[in-house]
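The sequence lines fix the lettering, A, B, ..., with proteins before strands; numbering per chain opens at 1. Side chains are part of it too, since the values below use all heavy atoms of this structure and drop only hydrogens, waters and symmetry mates.
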Protein chains: 2
Amino acid sequence: MNAFTPAGLPLEWSELDDQAVKTIKALAADAVEKTGNGHPGTAISLAPAAYLLFQKFLRHDPSDALWVGRDRFVLSAGHSSLTLYLQLFLSGYGLELKDIESLRTWGSLTPGHPEYGHTNGVEITTGPLGQGLASAVGMAFASRRERGLYDPNAAAGESPFDHTIWTIAGDGDLQEGVTSEASSLAGHQKLGNLVVIYDQNHISIEDDTNVSFSEDVLARYEAYGWHVQRVDWTNGGTGYGEDVHALAGALEAARAETGKPSIIALRTVIGWPSPTKQNTGKIHGSAMGADEIRGLKVELGLDPEASFAISDEVLAHARKVGDRGAELRSRWNTAFEAWQDANPSGAALLERLSTRTLPEGWTDALPTFEPGKDSSTRAASGKVLGALAPVLPELWGGSADLAESNNTTMEGEPSFIPGEHSTKAWTGNEYGRTLHFGIREHAMGAILNGIVLHGGTRAYGGTFLVFSDYMRPAVRLAALMQIPTTFVWTHDSIGLGEDGPTHQPVEHLAALRAIPGLDVVRPADANEVAAAWRTILGHTDRPAGIVLTRQNVPTFPRGRDGFADASGVAKGAYVLVDGAEDGSQPDVILLGTGSEVQLAVQAREQLAADGIKARVVSVPSREWFDEQDADYRESVLPAAVKARVSVEAGVAQGWRELVGDAGRIVSLEHFGASADFKTLYREFGITADAVAAAARESLAAVRG
Amino acid sequence: MNAFTPAGLPLEWSELDDQAVKTIKALAADAVEKTGNGHPGTAISLAPAAYLLFQKFLRHDPSDALWVGRDRFVLSAGHSSLTLYLQLFLSGYGLELKDIESLRTWGSLTPGHPEYGHTNGVEITTGPLGQGLASAVGMAFASRRERGLYDPNAAAGESPFDHTIWTIAGDGDLQEGVTSEASSLAGHQKLGNLVVIYDQNHISIEDDTNVSFSEDVLARYEAYGWHVQRVDWTNGGTGYGEDVHALAGALEAARAETGKPSIIALRTVIGWPSPTKQNTGKIHGSAMGADEIRGLKVELGLDPEASFAISDEVLAHARKVGDRGAELRSRWNTAFEAWQDANPSGAALLERLSTRTLPEGWTDALPTFEPGKDSSTRAASGKVLGALAPVLPELWGGSADLAESNNTTMEGEPSFIPGEHSTKAWTGNEYGRTLHFGIREHAMGAILNGIVLHGGTRAYGGTFLVFSDYMRPAVRLAALMQIPTTFVWTHDSIGLGEDGPTHQPVEHLAALRAIPGLDVVRPADANEVAAAWRTILGHTDRPAGIVLTRQNVPTFPRGRDGFADASGVAKGAYVLVDGAEDGSQPDVILLGTGSEVQLAVQAREQLAADGIKARVVSVPSREWFDEQDADYRESVLPAAVKARVSVEAGVAQGWRELVGDAGRIVSLEHFGASADFKTLYREFGITADAVAAAARESLAAVRG
């Protein structure tokens with residue numbers, strides 16, 4: 001608690017607050033009824049909790065949803081979007097009654113699930129269960145890291161960078177594995193800045209959750225190292241009462257606990273006091289019907305015939321939270337300005353990071369790799385990250401227990417862990433930079449998103465490419481939210497060798513390229529790695545996955561022997577080495593990505609021996625190439641050259657688009673096997689010989 | 001415990017058993033050293049536990065790895081494949097020393113991770129962490145269901161169908177979310193037939209797990225409702241001793257607990273007694289080096305210069321487990337034969353299910369749907385399942401909390417839950433048929449795999465198509481293992497409407513088709529649904545995902561107005577309605593899947609009005625079509641007809657292969673939005689008009 005945190009206790013709660021809560025319940029029912037579908041139940045029963053939070057606890061300023069000093073609010077139970085929309089409306093974030101009326105309709109500000117970047121005040125897109133709570137853990141990470149960057153020596157609670165991440169989660173969130181992973185990490189990390197209200201209403205779509213969910217949730221959270229509390233509005237089943245004072249006490253205790261994350265199991269009855277549908281699955285995700293809504297309004301003492309009704313008095317009362325915000329902010333500003341005066345370089349850094357502007361000259365730090373020495377692209381990536389560490393303090397990251405394999409550690413940077421969790425191998429502190437996710441890929445993805453959403457810093461996280469499957473829902477959300485999360489995926493093909501088919505990605509490049517808005521980047525050599533990181537970090541509006549080899553690949557002689565420099569990486573595909581030095585049209589174009597580009601280069605030489613001019617095009621990113629204008633694309637892949645071959649150690653899916661009807665695709669249409677990687681490439685026919693043979697076939701097909 | 005279960009206690013443990021354990025440790029080190037890479041550490045430290053289990057506790061018959069009465073063993077920590085291979089070798093499953101010597105090499109029986117169907121005695125492919133333990137839960141489900149089918153009235157432990165699922169899991173497994181989900185369900189289901197040995201060695205790839213994993217695991221499992229025990233071979237750090245008696249006691253207590261699943265946290269030191277690398281990350285996943293191996297052998301009292309050494313005496317001693325198996329089996333046979341005599345129809349069913357043979361005439365039960373009435377394909381699927389319920393007792397399934405939405409409930413079938421977990425909406429018993437996974441899609445996938453791997457029954461599970469992402473690692477393993485798990489994925493496009501982009505699959509069809517060996521089946525109408533289930537259930541060698549609409553689609557007039565019957569579904573693609581009745585070559589081919597086939601049908605009519613003959617090809621399964629011979633493929637897609645259009649409400653990726661250079665693809669290259677589905681189709685241009693326009697474009701392109 002500090003001077004610029006709202007005083008939640010003693011709770012001042014008036015008749016108008018009661019009226020506001022009742023109004024919210026009725027509006028939630030009306031909104032779903034008008035659209036004909038949606039989720040009224042939780043929005044009705046959580047109305048007092050959400051209102052209490054936004055009015056009395058959340059440190060926010062509705063006039064500036066991006067205030068750096070704000071608490072964050074995450075509605076993990078995203079299907080209950082009205083829970084958030086109605087608070088945004090009542091708090092004055094710009095949503096008005098007409099927006100509530102247009103819930104879930106084309107073009108409205110109130111889509112079915114909250115969407116980041118679409119509605120002012122929405123901190124994160126939620127709906128896929130578990131993602132919200134897991135990303136809230138990431139926000140809490142980011143908040144602590146931010147404090148470490150700017151104000152590490154302030155007393156606890158006294159820094160303008162101290163704030164709380166508040167989350168509302170439901171029974172569904174608490175069942176999802178990603179929540180378990182993230183919650184275990186949150187306890188491990190002692191995230192005292194995280195508070196979760198668990199709406200324990202025991203109802204999900206299949207009605208009473210007892211059919212599938214009977215564990216002791218709070219005991220589990222205690223085992224994770226959380227601070228746990230219980231607030232039971234059913235009073236043990238003896239009679240329902242929305243005891244906001246009890247909840248306020250728990251919220252205050254949760255905020256006061258700075259050594260552990262907090263969870264409050266709030267036992268509610270979904271849809272209360274809806275007369276016949278409360279406490280049933282029917283009110284979870286369907287419109288209630290006119291009769292039931294009338295009954296609800298009668299129970300609430302509201303006019304049963306009025307729809308979308310809110311009294312001016314209630315609205316004006318609720319919107320006073322804006323005055324509260326302005327006052328808190330003014331006090332915060334005093335502290336913040338004092339900090340700025342005392343920390344001019346920190347203030348400049350904050351300004352830069354707030355706008356995601358990269359520092360002048362940062363690319364000078366990028367290493368150049370000399371030809372003649374083979375290197376895995378993962379090793380090159382590790383060197384790039386190490387070189388960027390001093391110039392890009394916003395960048396941090398780690399791995400899901402594969403640090404050495406993923407080359408994700410910036411050398412010498414301390415771990416981000418409570419000091420007591422330092423080990424022989426890793427020394428850290430609460431403000432460290434190297435992230436350790438454990439064997440929890442899914443939570444890693446969601447936590448990375450949370451870090452990026454928090455703002456300021458940006459984070460990357462590594463695992464094997466095959467395990468991108470474990471984190472795919474988080475990757476999709478990053479793409480949907482258009483946020484610059486970076487995924488580092490190494491061991492990117494059968495080239496990982498002996499671990500065999502369970503660990504060898506085959507379909508993953510295609511499967512990831514299928515996600516709209518995700519950049520999949522597979523550099524061919526060390527210098528492409530540096531160029532790839534340069535382009536990825538230059539983007540602020542989208543996530544990227546950088547896909548790297550385990551095995552060594554040649555470092556091409558850039559600028560010599562006909563090889564282009566690596567700047568073409570930014571364009572997604574470029575002529576690495578042409579068929580003829582005179583710039584004449586090639587006979588055939590060989591397209592490759594990553595470790596297979598070398599096969600195209602070798603095949604080009606074989607073909608040259610037969611007088612066939614083969615152009616090698618390196619294609620590090622299909623997405624970046626698709627963004628180029630037609631002229632550039634034509635310059636790389638002239639329409640007149642229909643003899644084409646692609647080579648990639650994965651499924652062919654998607655390559656016909658670039659090679660055309662006469663083209664040939666050297667690919668892998670089945671799972672891998674356990675053996676050394678050279679044997680696998682040979683046995684599975686991913687070789688320079690195969691590329692050259694395919695080129696001849698394609699040439700023959702063109703000749704007809 | 002019954003007459004045909006090995007008596008683990010009092011434990012008889014001889015000097016030869018000690019020698020066998022030492023031999024295993026040395027062989028594990030030697031095998032990894034010879035290959036140059038692999039995971040020796042856990043195979044060394046778990047040698048006594050695995051040997052104890054296989055020799056004294058596991059009910060198995062090495063001469064018949066498929067004995068229906070066997071216990072199941074799951075090595076969830078699949079990277080420690082030697083832990084299993086060495087027991088298979090010592091027990092006499094057919095692996096010999098030469099196989100151990102060829103670890104992780106091309107064509108060997110001992111790949112990097114255990115592979116189902118590849119090595120005799122391997123019950124499941126493991127390696128992706130968490131999958132093994134979660135599938136073990138599925139095996140325990142299947143075992144209970146099997147007992148319910150055949151011998152429900154036997155006293156506990158007295159049925160030949162009572163057996164135990166034994167699992168070895170590591171720190172990695174215990175961190176993965178899928179394990180949390182499955183473990184919560186296992187506790188809920190009171191799976192007394194499941195025992196997990198948790199190898200708590202506190203080391204993973206990033207060395208000491210304290211850097212990321214400090215929760216109280218056993219307290220968490222108590223919260224799930226498990227029976228928990230601890231066996232500490234470090235004696236609180238005072239001195240390491242491989243106390244097999246203590247472990248045997250715990251195993252016996254775990255087996256005796258029939259009301260709860262059991263977990264034994266076995267505190268080990270990884271690699272013990274390797275002199276310098278024990279208890280470090282270095283011994284987890286790398287060859288140890290010659291010096292270290294010599295040191296290990298010296299510690300063990302073995303000849304430091306001998307490699308791959310096993311005395312005849314030790315091997316003969318260990319292989320006596322075969323005699324034990326034969327004896328147990330003989331006693332089991334007596335009980336089994338008595339059961340057969342008393343239950344002829346059950347015996348016939350068991351025989352049929354053991355071979356996955358479908359009953360004669362089963363397809364007669366499949367419903368036919370009359371045209372003229374629109375139906376969602378999910379509703380049709382529900383009717384098919386209901387109709388199959390009485391004729392296919394092997395079939396069971398459920399949903400991840402979306403039963404009504406996925407239409408996965410066979411009407412009137414009881415839930416598979418302990419009776420005390422019956423709710424108002426669902427009544428069940430321990431032998432029920434309707435599965436409730438809760439909001440745990442990933443565990444659902446792995447549990448379904450476990451059910452199928454157990455043998456006998458086969459299971460399906462449903463969620464929304466967009467959430468196939470949550471279960472993707474399990475789907476991949478089903479494909480890799482070539483087992484007939486069935487995934488039901490409904491709400492398969494923007495057609496789900498108002499829930500918006502978080503819930504609307506766009507990339508999922510492409511992403512799932514990318515998985516080798518998975519059949520992705522998207523029927524166009526109710527009759528295609530019945531035909532799809534028919535073909536899916538006819539396969540025993542691969543998983544399938546059936547992809548279904550939320551919204552209604554027309555039921556085509558089969559056999560009338562030029563419409564083909566639905567039998568072509570089995571071929572993956574077929575001419576639904578041709579361009580001209582006279583069988584002449586069409587001008588253009590319109591390919592569609594699922595709910596978009598109706599758009600192709602409408603476009604065909606528009607084009608006909610202009611004298612353009614358009615053939616409509618329904619493509620329910622790309623994979624099935626790819627399997628057809630060239631003649632059939634040519635008959636559906638004549639090479640001469642180059643004007644083609646595909647239409648699917650998802651990304652274009654993959655369709656160029658079928659439509660060719662001159663073709664056009666009507667697709668969706670971005671995320672969806674929250675609105676009613678008709679608006680979305682219209683605004684995003686997935687319409688009959690768009691298909692007709694694309695057909696004209698393609699015709700123009702062909703004309704050049």
Side-chain angles (χ1 to χ4, degrees), chain A residues 37 104 106 111-113 127-128 172 175 177-178 180-181 184 188 204-208 210-216 219-220 223-224 401 403 421 423 425-426 436 438-440 442 469-470 472-473 480 498-500 502 507 510-511 514-516 651 653-654 656-657 660-661 670-671 674-675 679, chain B residues 37 104 106 111-113 127-128 172 175 177-178 180-181 184 188 204-208 210-216 219-220 223-224 401 403 421 423 425-426 436 438-440 442 469-470 472-473 480 498-500 502 507 510-511 514-516 651 653-654 656-657 660-661 670-671 674-675 679:
Chain A
N37 55 71
R104 295 163 69 92
W106 178 256
H113 293 82
Q175 291 176 62
V178 64
S180 300
E181 292 178 12
S184 174
H188 175 77
S204 60
I205 292 177
E206 294 189 6
D207 205 75
D208 187 340
N210 191 43
V211 78
S212 63
F213 188 44
S214 55
E215 62 169 69
D216 182 341
R220 171 156 65 96
Y224 291 142
D401 194 49
H421 291 317
T423 64
W426 304 95
H436 302 279
I439 301 155
R440 304 182 185 97
H442 200 173
D469 278 353
Y470 273 74
R472 199 170 159 89
L480 180 56
E498 291 84 352
D499 272 342
T502 54
E507 71 276 27
I515 300 177
V651 294
Q653 186 178 304
R656 182 64 60 196
E657 203 65 54
D661 286 352
H670 52 76
F671 291 110
S674 172
T679 299
Chain B
N37 54 71
R104 295 164 69 92
W106 178 255
H113 293 82
Q175 291 175 62
V178 64
S180 300
E181 292 177 11
S184 173
H188 174 77
S204 59
I205 292 177
E206 293 188 8
D207 206 75
D208 186 339
N210 191 42
V211 78
S212 62
F213 189 43
S214 55
E215 62 169 68
D216 183 341
R220 172 156 66 97
Y224 291 143
D401 194 48
H421 291 318
T423 63
W426 304 95
H436 301 279
I439 301 153
R440 305 183 184 94
H442 198 173
D469 279 353
Y470 273 75
R472 199 170 159 89
L480 180 56
E498 291 84 351
D499 271 344
T502 55
E507 71 276 27
I515 300 177
V651 295
Q653 186 178 302
R656 183 63 60 196
E657 203 65 55
D661 287 352
H670 53 74
F671 291 110
S674 172
T679 299

Next item on the list: Please test B:D661 against A:R656 for salt bridge (Lys or Arg N to Asp or Glu O under 4.0 Å), starting from the C-alpha separation and ending with a verdict.
Entry: CA-CA 9 Å; B:D661 287 352; A:R656 182 64 60 196; over 6 Å; no

Margin query: Evaluate B:S212 against A:R440 for side-chain contact (heavy atoms from CB on, under 4.5 Å), listing each step before the verdict.
Written below: CA-CA 10 Å; B:S212 62; A:R440 304 182 185 97; 4.1 Å; yes

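Contacts of A:T679 with chain B are made by side-chain atoms alone, with heavy-atom separations under 4.5 Å and no backbone atom involved. For a residue to count as touching a neighbouring chain, one of its non-hydrogen atoms must lie under 4.5 Å from one of that chain's; by this rule A:H670 touches chain B with the backbone only. Both the backbone and the side chain of B:D208 have a heavy atom closer than 4.5 Å to some heavy atom of chain A. Interface residue A:V651: only side-chain heavy atoms are found under 4.5 Å from chain B. For A:W106, the parts lying near chain B are the backbone and the side chain together; criterion is any non-hydrogen pair under 4.5 Å.
Most heavy-atom pairs under 4.5 Å with chain B: of the set A:R104, A:E657, A:H442, this distinction falls to A:R104. Highest contact tally toward chain A, considering only B:S180, B:A425, B:G172, is held by B:G172 [criterion: heavy-atom pairs under 4.5 Å]. The candidate with the highest count of non-hydrogen atom pairs below 4.5 Å against chain B, out of A:A510, A:A223, A:A675, is A:A223. When each of B:V178, B:D401, B:D216, B:N37 is scored by its heavy-atom pairs under 4.5 Å with chain A, the top score falls to B:D401. Heavy-atom pairs under 4.5 Å with chain A were tallied for B:S204, B:A219, B:G500; the largest tally goes to B:S204. Listed options A:A511, A:P516, A:G438 were ranked by heavy-atom pairs under 4.5 angstrom with chain B; first place goes to A:P516.
For the residue pair B:S184 and A:F213, the shortest heavy atom distance occurs at OG-CD1, 4.3 Å. Taking each heavy atom of A:A403 and B:E206 in turn, the nearest pair found is N-OE2, 3.0 Å. Scanning all heavy atoms of the two residues, the minimum distance from B:H113 to A:D499 falls at ND1-O, 2.7 Å.
The backbone N or O of A:G112 sits less than 3.5 Å from a side-chain atom of B:S674, completing a donor-acceptor pair. Between the side chain of B:H188 and the backbone N or O of A:V211, at least one donor-acceptor pair lies under 3.5 Å. In terms of modelled atom types and a separation under 3.5 Å, the side chain of B:E181 and the main chain of A:G177 share a donor-acceptor contact. Judged by distance alone, with hydrogens and angles left aside, the side-chain atoms of A:Q175 form a donor-acceptor pair with the main-chain N or O of B:I439 at under 3.5 Å.
Between the CG atom in A:N210 and the NE2 atom in B:H436 there is a gap of 11.0 Å [rounded to 0.5 Å].
Residue B:T502 forms a side chain to side chain contact (heavy atoms under 4.5 Å, CB included) with just one option from A:P111, A:P473, A:P128, and that option is A:P128.
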